[in-house]
Structure formats: structure tokens, C-alpha cells
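Down below is the structure, laid out as C-alpha cells.
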Amino acid sequence: AEKLNRATGPCAVFVPRNGISMIATAGQPFHDPVADQALFAALDLGLFTVLETGPMEAEALANKIGAQLDPLRSLLEACLALGLVIREGATFRNSKAASRYLVRNARGYMGDYYLKQIAETLYHQMPDARAALRGEGAATYSHFLDDPVRTEAFIRGQHAGSSGPA
């Protein structure tokens, strides 16, 4: 946002609308909006960051992240199917990939890219999924880039997406 504000000529911000990348668009091999929503909800709740402290049972995890137990169990099953978490008996822990890319403050953390750019821009229904996990009312995003604060978050997400794996 700072660079855009300093610009002296015409500027444009391009917002992808059809998937995380070309291979994640409709008809392509990684098109899976339900899997994307599970990832975004888990990131938003801080699930991977909390699990990085050690394996946890679903009930303890629900208490720690402030989620409703039954929806969290469904989310954990989705993350298990995606290979993001590993179940050991009654406990769950992060996969190696989740530890590397989805734990806040990890060197390769990509979560802000997914949350601030992709989830809030492409998946307008995501606030509803997040609110359901917390037992709250539904929220929506409208006119996303009309708000300077959200625009700033989007640009920071773009930065996180380019610097995370570097």
C-alpha cells in the first residue's frame, strides 16, 4: 500500500479470482475449493501453530484455539486427508510440510499469503466457515479493496507469498 500511495502515475492492483494458481483453477489437477477452505480455516484458527508445541487431543486443541469441538473434529479429518496433520492414537500433530510452511514464525511460513491474499480475496465464504468453527454468527466481505486496511493486508499477503519460500 505504501508503494501504491507514493506512485505518481496510474497504478493497478490485480486480484486473482479463479484459484490459488493456474493449476488450482476449475478443471485443473489441484482445483479443490473444499480443501482450500479447510486449509484457510485451520490457518485462521492457528491450528498448526498450536500443534507445533506438541501432539494434542481434539478436545484440548478445541479449548486452546477457541473452536467448537464437533466442527473442529471435521476440520482435523480434512487436514488429515490433506496430509497436513498426522493422527497418533487420540492425538494429532503437524506433518513435516505443515511445520515448515503453516506454523507462524517458521522460516518458510506461507500462512499470511493464503489468509490475507487468497482466502479473503478469492473465497468470500471463508468468514462463514471460520465463524461456524467458533460458534459465532456469519461474517461477509464486500468491496474488499475499498477498505484501505484490507487493501494493506492484501498487499502484505502478496509480500508474504513471495518471501515465505525464499
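One-based numbering along the sequence shown.
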Heavy-atom pair with the smallest gap, counting every atom of [X] and [Y]:
{"X": "Leu72", "Y": "Ala67", "result": "CB-CB, 4.3 Å"}
{"X": "Leu102", "Y": "Thr49", "result": "O-OG1, 4.2 Å"}
{"X": "Val85", "Y": "Leu47", "result": "CG1-CD2, 4.1 Å"}

For this session: Enumerate the residue pairs fulfilling salt bridge (Lys or Arg N to Asp or Glu O under 4.0 Å) with a member in residues 57-71, sequence neighbours excluded, ordered by first and then second residue.
Result: Asp70-Arg73

Exercise. Between Ile86 and Asn94, does a side-chain contact (heavy atoms from CB on, under 4.5 Å) hold up when you go through it step by step?
Worked result: CA-CA 6 Å; Ile86 296 167; Asn94 286 335; over 6 Å; no

Problem set entry | Spacing of OH belonging to Tyr101 relative to CG belonging to Leu39, to within rounding of 0.5 Å | 14.0 Å

Exercise. Atom NZ in Lys96, atom CG in Leu84: separation rounded to 0.5 Å?
Worked result: 15.0 Å

For this session: Show the numbers, then the answer: is there a side-chain contact (heavy atoms from CB on, under 4.5 Å) between Tyr114 and Phe40?
Result: CA-CA 7 Å; Tyr114 292 123; Phe40 301 152; 3.7 Å; yes

Problem set entry | Sequence-distant partners of Ala78, side chain to side chain contact (heavy atoms under 4.5 Å, CB included), two or more places apart |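 With neighbours one apart ignored, the set is Ala38.
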
For this session: Start with the C-alpha gap between Leu80 and Leu76, add the side-chain angles, then the distance that decides, and say whether side-chain contact (heavy atoms from CB on, under 4.5 Å) holds.
Result: CA-CA 6 Å; Leu80 181 66; Leu76 285 167; over 6 Å; no

Exercise. Between the side chain of Thr91 and the main-chain N/O of Met56, is any donor-acceptor distance below 3.5 Å?
Worked result: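 Flag not set: sc Thr91 to bb Met56 has no pair under 3.5 Å.
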
Exercise. How far apart are the C-alpha atoms of Phe48 and Cys79, what are their side-chain angles, what is the distance that settles it, and do they pass the side-chain contact (heavy atoms from CB on, under 4.5 Å) test?
Worked result: CA-CA 10 Å; Phe48 305 110; Cys79 290; 4.2 Å; yes

For this session: With sequence neighbours left out, write down each residue that passes salt bridge (Lys or Arg N to Asp or Glu O under 4.0 Å) with Glu77, or none if nothing qualifies.
Result: Arg87

Problem set entry | With Ser99 via side-chain hydrogen bond (donor to acceptor under 3.5 Å, both in side chains) - residues at least two apart |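 If we apply the side-chain hydrogen bond (donor to acceptor under 3.5 Å, both in side chains) test to Ser99, skipping adjacent residues, the hits are Glu52.
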
For this session: Just jot down the side-chain hydrogen bond (donor to acceptor under 3.5 Å, both in side chains) partners of Arg93, sequence neighbours excluded, or say none.
Result: Glu88

